[in-house]
Amino acid sequence: MPTSAADFELYRQMQRIRRFEETVLEAFPRGEFYGTTHTYVGQEANAVGVLSGIADGDVVVSNHRCHGHFLAYGGSMDALAAELMGRQTGVCGGRSGSQHIQWKDFYANGILGGTLPLAVGMALSEKRAGLGRVVIAFLGDGTLGEGITYESLNMAALWGLPVAFILEDNRYAQTTPLRLNLAGEMAGRFTAFGIPLVEADTTDVLEIQAIGEKAISHVRSGAGPFATILHTYRFAPHSKGDDTRDPAEVAHYRERDPLPLQGRRLDEATRRDVEKIVETEVEEAFRRAAGAPPADPSRLTEPLSGYA
Amino acid sequence: MPTSAADFELYRQMQRIRRFEETVLEAFPRGEFYGTTHTYVGQEANAVGVLSGIADGDVVVSNHRCHGHFLAYGGSMDALAAELMGRQTGVCGGRSGSQHIQWKDFYANGILGGTLPLAVGMALSEKRAGLGRVVIAFLGDGTLGEGITYESLNMAALWGLPVAFILEDNRYAQTTPLRLNLAGEMAGRFTAFGIPLVEADTTDVLEIQAIGEKAISHVRSGAGPFATILHTYRFAPHSKGDDTRDPAEVAHYRERDPLPLQGRRLDEATRRDVEKIVETEVEEAFRRAAGAPPADPSRLTEPLSGYA
Amino acid sequence: MTTVLDELRQSLHGCMQESEQVIFLGEDVLDPYGGAFKAARGLSTAYPARVITTPVSEAGIVGIGVGMALRGLRPVVEIMFGDFLTLAADQLINHAAKLRWMSNDQVQVPLVVRTPMGGRRGYGPTHSQTLEKHFLGVPGLRVVAVCDLDDPGGLLRSAIMEDDDPVLFVEHKLLYPAAVQSLHDLGEFDGHRSGTRYPVYSIRVVGAPNPVLTLAAYGHMTDLARKALLRLAYEHEIFGELVIFTQLSPVDPAPLLESVSRTRRLLTVEEASVAAGWGAELVAIAAERFGPDLRAGRVGARQMPVPAAGPLEEAVLPGVEDILRAALNLGVATSSR
Amino acid sequence: MTTVLDELRQSLHGCMQESEQVIFLGEDVLDPYGGAFKAARGLSTAYPARVITTPVSEAGIVGIGVGMALRGLRPVVEIMFGDFLTLAADQLINHAAKLRWMSNDQVQVPLVVRTPMGGRRGYGPTHSQTLEKHFLGVPGLRVVAVCDLDDPGGLLRSAIMEDDDPVLFVEHKLLYPAAVQSLHDLGEFDGHRSGTRYPVYSIRVVGAPNPVLTLAAYGHMTDLARKALLRLAYEHEIFGELVIFTQLSPVDPAPLLESVSRTRRLLTVEEASVAAGWGAELVAIAAERFGPDLRAGRVGARQMPVPAAGPLEEAVLPGVEDILRAALNLGVATSSR
Ligand SMILES: Cc1ncc(C[n+]2csc(CCOP(=O)(O)OP(=O)(O)O)c2C)c(N)n1
Ligand SMILES: Cc1ncc(C[n+]2csc(CCOP(=O)(O)OP(=O)(O)O)c2C)c(N)n1
Ligand SMILES: [Mg+2]
Ligand SMILES: [Mg+2]
């Protein structure tokens, strides 16, 4: 059976994220980056599956672990690499670094949960605008600790807003396993507010794509917010060297790696092609970033548009 | 049938609160008070019913609507009247006013929800102390809007702490009816965190007493937090003149006034006696407060115990 | 008589009428209540689709305002008491104030957060504070305070309609019932306005000789400072100039320095305790500029929470007498005619 | 070599050992991780029942600390990055700081909230800030900042074991790996300590003549200020005295005024932008006292968020050169031997 264009594209997107993140992790110890980063290795199927269903003008609200969301959204890999390397050509000219990417209708921030009321406010705007646009808001399991999460869920539901909450449960917040963070049931955190949801424990991008489509069509139809709980796993450390998880556990989840799972749907030659194309793309992105001019202090602007 | 001592006492406690609050509301327009107040008229059965089950050393965490909780806790009516009137003999020497009463193991504050993590922290202390003491934390329906409420519920449940949450749903937050504030179901706000609960729509102090006993014995047994949702109604304005509710609705709920309900369990003569005793007590309390010296600026202390 | 509250309310109506982009949200803001201090009265009746009453979620509603602003609306969020701004501090400091700059100026956040501040109503320690000092000096956040002079409604309109950055708009509770004073009709005072969007006013006693003292104040304190200005003139023959700021942060140094360059004496007046407050910034600006040619003082509350009881509150909050005493302590020589 | 981190960690161990009342809580604080900056490493192994890892709930855990403190424990709450204090602002300002006073001194709140602050790690706008300025001047809240001098562990111990009021304890990230400097062994400097619980240090270049300039700093900035002190001495023959504060709020004016009474020149150095910051308070205190006999200046970051990229961050945060330039701008005459 020949590879379908859809399968090809899903695999390519995931591979782009995977190789981008792996390159970041390799390059960090060599001092090519500055600051910190949180990579998406292992969770690629979530961003790629869900965001394959968005339309132009839809809003994506991301968090500290934003590279995968950004690339799946359609953000420029060159600009992302340049941002991480503090270049003038970075997504935000080097101001934002890894965690605060903003481009078109994509918004990330490093304060856990703080982005969620923004997502609700944007959904309110879009509902008023009536153009059928929706907001996709990603959050992690640990972010269920923040009170603002619940303020946001309540108002999203109360006002019937077009926002899909995508909870990526990778079973840890930094080093803390779910059971030390979360009382009761995850699903209840949404149903308590009357928000319908789908929960899935899968790394299959096709399944996740179907779930994402359900979520997006629900919110786009005007039926109010929707939640998806995607149980997943990250293969790499929380940020850089800080992995305290049992290696056997990591290995166990590695068996469910979303990439080979989707890769098997491509014929062997095509898969190799994809990998080669992506390899070149990632190498080029980092090479171009490395060659780009460093962020230029003379371009710093005042944070307010004027005194008076 | 002769009046039981228990029925007598419950009625007396409710009557004390009722007449205290009515006196406050009468006296306010005459300028005898300063600032603001939130009265408990209509909700008396909750505080009296629930707090009749506490033991010495148990902690009560209250909110802006604290007079009823305070009197039912055993707080001095004289000192409360004096506090409202800004006297040196007030519960907090006139510093706290109506909303921030502190005495023995009773703590109130005017920031909605902000008291709940304090309640959880106190429950954590009490669990460590191992003396079998518990924390009773009151909150209103509107306080389900605050994120900190959920942070508190999560940690109380996660750590199995001896705290009973008493949600008094009087169907309004200030002027805003529940339906404009709350998405989904109230009970879900607790069950999402694995907190068991009892929900009741009653003004019968005996029923509430039974529910309170259940809650307190649950938390005292070490089985972790417990919640009660008491649907109720306030007969007076939110604070002073600010009542925007339909008078017919108020009248409707007045039919379920907890006082006559319990009053009917007393024989007529006893009931009259109670009312007379309470009348005198309340009058005396306000008279003594009026005669007490005003809060004395020379007794103001520094808020920190020293520079170094 | 038009009160400050009337003007603010009319301004809100005007902005809603002027632009569909203006959305008003807050707790208990619907008619007939119209918000705890009634600034929104009539608004939900006139614009039912654009006035939203919210759950009791201060952080959430400020964040929702930020989100709306990012998408091109001009939201106005009312926080019922300024004391609750602490709950929205993260949204103001880490989101609203940073987003524009952090995005390399790709987006903007034209948000206004309005809130009443201040004491002397007996509301006690959590409902009487002057907390704006904790929001000064945040890069990207403008703090504006209304006073009873000139054009309170215009000031609010500037923040809502003309400012593309987030504004924390502070309204002292005692100003609501105060009559708006026209600059051209200040009775015992001459008034002068400078600046444009968020003006600075300067006030002197009519016919007074050159001032020898600069008083700086904002909000409700301008009223106490005016009273002090009169008493200094009549009782002590000390003639001062009162410089009134409407933009508290960032501080525009020019009008301050202009006045102090003439008087070389600066007394700041604020309702919060002076520690690390607005006055400290003004004094520091003046001290940096005029170095060994400045006398400076600050007047504010005692370093305590605001108590509930009347006599305590009065003892803690700064009054006209405190201003007088501090002014006399500055060692001001009687003005020479 | 003992680092500041070592000392803080040992101090935590010491306090836990000293008293059963001490409870430690924060996000990701269990071994083997021991907190994002490792201050708690080993603690949960040694005291498993008294070290609590918490959900990601900054407001909640500070409030829980307040509750525990009210009931007689001595909780220490770690906030992973100081940038997240904004989320706990209400608990600090409206609860922790007020409860003792508001209750008419019936209760007390011996709580310590520890947090790393500051930049130069490239963490970007929400993980590099110096936000303590927004918590200065809160009646009832003490703000303390560690530096690399003398006894960092003792400072923390004072806050935990000896202070019955809430303390916000600030630790600049760059101090963690810094070697602790003994006051008696400062190489090119002589050091002197005054005060007791939260000391003030003063530092001069060994053998220098009487200082003509007071530098005031805290935290990591003391390191940059020391470097500036040396360069001023060697390159410009300007001899200064560096006064280092560990208690930022309330400011104890005495040691500041003592130094400035001799130098009549004050330069404050802080990592945040100076607007309405710590330096403003110091300059204001000095200006109030010395009036027409003071030259003052402030050094701090540019009034911008802290950018992520190295060259931008370096351009925004204050450096030794900035201190030198400001000192020279103060118009300090070469010291006379
Ligand atoms: C308000 C806030 N608190 C704490 C942190 C530090 N922090 C960064 S990521 C993280 C864990 C987040 O866990 P989760 O939400 O599950 O996302 P994940 O990292 O697993 O993708 C923490 C605690 C933060 N960035 N913001
Ligand atoms: C943090 C905070 N936000 C808003 C308020 C203003 N306020 C005081 S009482 C109240 C309504 C509270 O409703 P609910 O929790 O149902 O208690 P009820 O007054 O009905 O007893 C509001 C909004 C407050 N005191 N604190
Ligand atoms: Mg996670
Ligand atoms: Mg209610």
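Sequence lines set the chain letters: A, B, ... in the order given, protein chains first and strands last, and positions in each chain run from 1.
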Is [X] close to chain C through its backbone or its side chain, or both, or neither, when contacts mean heavy atoms under 4.5 Å?
X	value
A:W103	both
A:Y107	side chain
A:L300	side chain
A:E126	side chain
A:R299	neither

Can you tell me how far apart [atom1] ([X]) and [atom2] ([Y]) are? Round to the nearest 0.5 Å.
X	Y	atom1	atom2	value
A:S305	C:W101	OG	CH2	15.5 Å
A:L118	C:Q91	CG	CD	5.5 Å
A:S96	C:Q106	OG	CD	9.0 Å
C:M102	A:N109	CE	CG	4.5 Å
A:L304	C:D164	CG	CG	11.0 Å
C:I64	A:W159	CD1	CH2	4.5 Å

Note to self: By the salt bridge (charged side-chain N to carboxylate O under 4.0 Å, His left out) test, which pairs, at least two apart or in different chains, include something from residues 76-100 of chain C?
What the structure shows: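 Qualifying pairs, neighbours excluded: C:E78-C:R114, C:R100-C:D105, C:R100-C:D165.
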Notebook entry, point to check: Does any N or O in the side chain of A:Q102 come within less than 3.5 Å of the main-chain N or O of C:S103, such that one atom is a donor and the other an acceptor?
Noted result: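 Not at all, since once roles are kept as given, no pair shorter than 3.5 Å links the two residues.
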Margin query: So does A:L124 get a backbone contact from the side chain of C:R71, meaning a donor-acceptor N/O pair under 3.5 Å?
Written below: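 No, because the side chain of C:R71 does not come within donor-acceptor range (under 3.5 Å) of the backbone of A:L124.
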Answer with side chain, backbone, both or neither: which region of [X] has an atom nearer than 4.5 Å to a non-hydrogen atom of chain A?
X	answer
C:L99	side chain
C:S158	neither
C:L70	both
C:E58	backbone

Contact summary for [X] and [Y], nearest pair of heavy atoms:
X	Y	value
C:G60	A:I148	N-CD1, 3.6 Å
A:S125	C:G67	OG-O, 4.3 Å
A:L158	C:P55	CD2-CG, 3.7 Å
A:T115	C:H95	N-CE1, 4.0 Å

Should we say atom [atom1] of [X] is surrounded by more than 12 heavy atoms from elsewhere, each under 6.0 Å from it?
X	atom1	value
C:Q17	CD	no
A:E185	CD	no
C:E20	CD	no

Margin query: Counting only non-hydrogen atoms closer than 4.5 Å, can you tell me which residues of residues 55-78 of chain A sit against chain C?
Written below: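 Within residues 55-78 of chain A, the residues that come under 4.5 Å of chain C (heavy atoms only) are A:G57, A:V59.
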Notebook entry, point to check: Looking at A:V91, A:I101, A:D105, which makes the most heavy-atom pairs under 4.5 Å with chain C?
Noted result: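 Among A:V91, A:I101, A:D105, the one with the most close pairs to chain C is A:D105.
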Check: Relative to chain C, which of A:G147, A:S152, A:P117 shows the most heavy atom pairs under 4.5 Å?
Finding: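 Most pairs with chain C among the choices: A:P117.
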